[in-house]
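Note sheet for the following structure.
From a predicted model like this one, the values you see are computed outputs, not experimental measurements.
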Amino acid sequence: MTVTPDDEERIAMRLESTPELEAFRKKVRAFVAEHAPERKTHAGVRAPEPELMPAIRAWTAKLYEAGLLGINWPAEYGGRPDAHPLEPFIVVEEITRARTWQPIGAAALASAALIEFGTEEQRVRFLPRIRACEDVWCQLFSEPGAGSDLAALQTRARREGEGDDAVFVVAGQKVWTTNGQHADMGYLLARTNPDAPKHKGITAFALDMRTPGVEVRPLREITGTTDFNEVFFDAVRIPAANVIGEVDNGWRVAMSSLGHERSGVAAQGVEMFAVLDDLLGLAENSTVRGRPALEDSATRQSIGELATRAHVNAAMVNLAQSRMLHHTEQPADAPLGKIFFSEVNHDLAAYGVALQGTDGALTEGDPSVAANGWWQDAHLYSRAYTIAGGANEVLRNQVAERGLGLPREPR
C-alpha cells in the first residue's frame, strides 16, 4: 500500500493507526485465533518442550505461507514490497496479545543478516528453508567472558585451504544460546584475525548444528527450565561458502542483527496490559494488613504507577515506529526501548509476587499458589530481558555515547 504524506504526518504527530493497518490487525488476529498452537504457560522467550516442536514448526510455516512473517523480505523470497512497514510489528503484537508461541529461534536475525550481507547462493539455500521452518536457527554470539562486551569474544575460526575446498576450523565456547537444543542451524560469530582490533577481526558464519564437533549442553536455570544452552566447538569445520558478509567484517553484521533483536524485545510490551489486568485480578483476591488489597491506598498507587509506565512504554514503541517510517531513527531509540521495557516488565512481575505475601514463596505445582506460579516464574525470568540484546548497563553507555554524544567511558 502507499502511505501518503498526510498519513505519515498523522502517524508521526498523533501516533494513530490508519484504517488499512487496523484492517490488517483484524486479519492477523483472526489468523492467530484459528491457527495458533496452545497458549504458553510461562512468561518470556522460552524454549518449548520437545513434544511441542512439530506444532510450532507447522505454526511458523503457516505464518510465512500467509505472508505474515518475512513481510519485508525481497519479493523473490516471499516478501511483499508494497506492505506497510508497521505490519511486522502488528504481527508480533497480535501473537503476543494471544499469549501463544512466537516463532522460536533466531531466524529473524539470521534472515536479516543473509538478506543484507549474504550471497545470492546463500539466500537461495537458506531463506526457503526458514520459511518452511525446516531449519530452526539459534544465535551463537555470547561467551562466558564476552556477553555484554561481545567484541571480546574468543571463539576462533582458522582458515584452511583455498578456493572451493576452503574451510574454517572453529574452536571455542558459546553460552546463553536460546533454543540451541532445538536448532538445526547456528548464526555464529568467531574471531578470524586475533591480531586485528577486537571489533575488526570477527566473522559471521552459518553453521549446521549437526556438524561433527558441535556439542550442545542445556543449562538448567533458576526457573527450573532449560531455555538456554552452552555450545562447545571442537575442531568444527565450516565451509568458507558459509561466511556471511566479508571475512573480518562480522561486527557490522552482528550490530545490524542486534538492532532487530532489541526492537523485538521492546515490542513484547503489548503483553504488559494483559499482565496489568491479571495484576488487578490478583489484587482483588489478595489482602494487605487484613483488608482487600485494592482498598489499600499504597497498593492502588503502586498499580497506578506500573500502569503509567506501561503506557509510557507503549508511547515509546509508537514513537520509535513513527521515526522508522520517516527514516529519522536515532541511535538511542532501540536501546532505550529495550531498557525501559525490560525494567517495567521486571517490576510488574516483582509486584505480583509481593502482593501474595508469604505465598509468594510458593512455586509452580503447589496447589495453593496463585495462577499456578505464573508470577513467580515471570519474576525469575524477567532478569533475562535485562540482558538479552545487550545488558542494560552497557546499553546505557551506548545511549550516553552514541545518542547524547557524551564522552566515552574511560577504559
Which heavy atom of [X] sits nearest a heavy atom of [Y], and at what distance?
{"X": "W374", "Y": "A43", "answer": "CZ2-CB, 3.7 Å"}
{"X": "A206", "Y": "I238", "answer": "O-CG2, 3.9 Å"}
{"X": "A108", "Y": "S111", "answer": "O-OG, 3.1 Å"}
{"X": "A190", "Y": "A157", "answer": "CB-CB, 3.8 Å"}
{"X": "G352", "Y": "W375", "answer": "CA-CE3, 3.6 Å"}
{"X": "L279", "Y": "I303", "answer": "CD2-CG1, 4.1 Å"}

For a side-chain contact (heavy atoms from CB on, under 4.5 Å) check, start with the C-alpha distance between C138 and L140, then their side-chain angles and the critical distance, and finish with the verdict. CA-CA 6 Å; C138 65; L140 298 166; 4.0 Å; yes

Does the side chain of [Y] come within less than 4.5 Å of [X]'s, by heavy atoms?
{"X": "E401", "Y": "L406", "result": "no"}
{"X": "E221", "Y": "D227", "result": "yes"}
{"X": "D149", "Y": "K198", "result": "yes"}
{"X": "Q398", "Y": "P331", "result": "no"}
{"X": "W176", "Y": "I387", "result": "no"}
{"X": "T363", "Y": "V369", "result": "no"}
{"X": "Y381", "Y": "T225", "result": "no"}
{"X": "V216", "Y": "T177", "result": "no"}

Assess whether a salt bridge exists between E76 and R123, defined as any Lys/Arg side-chain N lying under 4.0 Å from an Asp/Glu carboxylate O.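 R123 and E76: not salt-bridged.
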
Please round to the nearest 0.5 Å and tell me the distance separating atom [atom1] of [X] and atom [atom2] of [Y].
{"X": "I222", "Y": "H379", "atom1": "CD1", "atom2": "NE2", "value": "9.0 Å"}
{"X": "E271", "Y": "F341", "atom1": "CD", "atom2": "CZ", "value": "8.0 Å"}
{"X": "T226", "Y": "F228", "atom1": "OG1", "atom2": "CZ", "value": "10.5 Å"}
{"X": "I244", "Y": "Y187", "atom1": "CD1", "atom2": "OH", "value": "6.0 Å"}
{"X": "E393", "Y": "I339", "atom1": "CD", "atom2": "CD1", "value": "9.0 Å"}
{"X": "R323", "Y": "E329", "atom1": "CZ", "atom2": "CD", "value": "9.5 Å"}

Check: [X]/[Y] side-chain N/O donor and acceptor closer than 3.5 Å:
{"X": "T223", "Y": "D377", "result": "no"}
{"X": "Q102", "Y": "T96", "result": "yes"}
{"X": "E230", "Y": "Q173", "result": "yes"}

Distance-only criterion, 3.5 Å: show the donor-acceptor pairs between side-chain atoms of residues 285-292 and protein atoms not counting sequence neighbours.
residue : atom : partner : partner atom : Å
N285    : ND2  : G281    : O            : 2.9
S286    : OG   : L282    : O            : 2.6
R289    : NH2  : D296    : OD1          : 2.8

Residues, nucleotides or ligands: over 12 heavy atoms within 6.0 Å of [X] [atom1]:
{"X": "E22", "atom1": "CD", "result": "yes"}
{"X": "E120", "atom1": "CD", "result": "yes"}
{"X": "L280", "atom1": "CG", "result": "yes"}
{"X": "R383", "atom1": "CZ", "result": "no"}

Is there a donor-acceptor pair under 3.5 Å between the side chain of K338 and the backbone N or O of L395?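 A pair under 3.5 Å: no.
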
Output yes when a side-chain donor or acceptor of D208 lies under 3.5 Å from a complementary backbone atom of R210, and no otherwise.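 Confirmed, D208 side chain pairs with R210 backbone.
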
Among all residues two or more places apart in sequence or in another chain, which pass the side-chain hydrogen bond (donor to acceptor under 3.5 Å, both in side chains) test with [X]?
{"X": "E94", "value": "R25, R29, R97"}
{"X": "N179", "value": "none"}
{"X": "Q122", "value": "none"}

Using the rule given for side-chain contact (heavy atoms from CB on, under 4.5 Å), can you reason through E87 versus L68, listing the C-alpha separation, both sets of side-chain angles and the distance that settles it, and then say yes or no? CA-CA 8 Å; E87 288 186 14; L68 302 182; over 6 Å; no

Carefully, step by step, assess Y351 and E305 under the rule side-chain contact (heavy atoms from CB on, under 4.5 Å). CA-CA 11 Å; Y351 195 72; E305 178 192 355; over 6 Å; no

Cationic tip of R217 above F232 ring, under 6.0 Å, 45° of axis: yes

Given the ring of W251, does K200 sit roughly above its face, with NZ or CZ under 6.0 Å from the centre of the six-membered ring and within 45° of the axis?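 Judged by the rule, K200 and W251 form no cation-pi pair.
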
According to the side-chain hydrogen bond (donor to acceptor under 3.5 Å, both in side chains) rule, which pairs have a member within residues 57-71, sequence neighbours left out?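 Counting only pairs at least two positions apart or across chains, the side-chain hydrogen bond (donor to acceptor under 3.5 Å, both in side chains) contacts touching residues 57-71 are R57-D184.
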
In sequence, state the C-alpha distance, the side-chain angles, and the governing distance for N313 and N345, and then conclude on side-chain contact (heavy atoms from CB on, under 4.5 Å). CA-CA 10 Å; N313 179 79; N345 176 73; over 6 Å; no

Any pair counted as ring-ring contact (aromatic ring centres under 6.0 Å, His included), so long as it reaches residues 280-308, sequence neighbours left out: none

